[in-house]
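Both counts, for ligands and for their atoms, begin at 1 and track the order of listing. Side chains included, hydrogens not; waters and symmetry mates left out as well; all remaining heavy atoms used.
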Amino acid sequence: MKIEAVDFFYLAMPEVTTEADGSQDALLVRVAAGGHIGWGECEASPLTSIAAFVCPMSHGVCRPVSASVLGQTLEEPEDIARIAAAVEYDSMDLLQAAHTFSGVEMALWDLLGKARGEPVWRLLGYAASHPKTPYASVLFGDTPQETLERARAARARGFSAGKFGWGPIGRGSAKDDADHFHAAREGLGPDGVLLVDVGQIFGEDVEAAAARLPDLEAAKALWLEEPFQASALEAYGALARRSGRVKLAGGEGAHNVHMARHLIDYGGVGFIQIDCGRIGGIGPAKKVADYAVGKGVTFVNHTFTSHLALSASLQPYAGLADHRICEFPAAPKPLAIEMTATHLEPDASGQVAAPDAPGLGIEIDPAAIRKYLVDVEITVQGKTLYETPPLDQPSHPTAPHGSAG
Ligand SMILES: [Mg+2]
């Protein structure tokens, strides 16, 4: 098979706010090769990610992502790794390339799996897809009472684990934050798994983060996620040495395998959280999962968007029976739910698993794409580099729209 077309669909809610909710827009990727179609999703700014695929070459290692993808052979998993290596090298000065290629890479796995009639996790070498315990991923409320209600609602929906993130944490006093931690614990119940994500709010201020540790421990939080800027490894390492029973978690900001490995080796995280829509796709995430196993660190997916992204993010650790925790987007915006016709609902025992179906096992809903589609055209010197492709058929790469020609 040759990769014939790569089409991007920019979806957005009618109103996008400053809320730290990544499901307000989406960039869907459709790849066509050999009569098959694969779908992927970038977890990134849609417009800049499209631009990274079609932009004019600046120099030899600042080429658009399309230069390494279109026309390439796709027969084996090794072909995906080869294309990924070409993107990494030939687009090394194009910093959005990893985000853009993440969605393309997912779509390549989906397509290869469908062509072979195999789930992606089997193509990755796993013999089984083990069930995971999903945690409801929600934002802290504006008040402790709101946090309490959100925690109760998550529990009422059957989630035994809940992650509370962002919101007011770190913006007031340690005491203010403690009220939220204890409200979340109260709402989840004494046996619930409590996870806390503070969204890099402490920059690299180790003392400010450490001031929250006693209350996190008292509330029996399993992990403290992203206390610092994603590359503040000294701060991570310093806090990890003081964090006691509360382990550090991080990794969603990793744009490549090296960043994730450094967070394990120098940042001292106990949980490495990888978003396949950012790190370059499923292949690099699988490398991180293998590395984590060797280091005694637990791999966790990072997913705050659709069930297409959720399926993709489960694949890299589907076969790791002991790595059980799974981020489950519990309250995404409607577009993230509607864009797929199939969903990964928890089973009777509340567990989810990567589907035993060809590719990623998720169907796209074209009506939802139409409903949320943002029409885009990128023109340079009178030449149209990109315009929203037709939904009903892959664009032809030589045509002056959709894929970069
Ligand atoms: Mg997070």
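W223 and F271 have their aromatic ring centers within a separation under 6.0 angstrom. Between F328 and F159, the distance separating the two ring centers is shorter than 6.0 angstrom.
The closest approach of E252 to the Mg ion (ligand 1), by N/O/S atoms, is made by OE1. The Mg ion (ligand 1) lies closest to atom OD2 when only the N/O/S atoms of D197 are considered.
Cation-pi geometry between K286 and Y126 is met: the NZ or CZ atom falls under 6.0 Å from the ring centre, inside 45° of the normal.
Between the Mg ion (ligand 1) and E225 there is an N/O/S contact shorter than 2.8 Å.
Between the side chains of D265 and Y291, a donor-acceptor pair is found at a separation under 3.5 Å.
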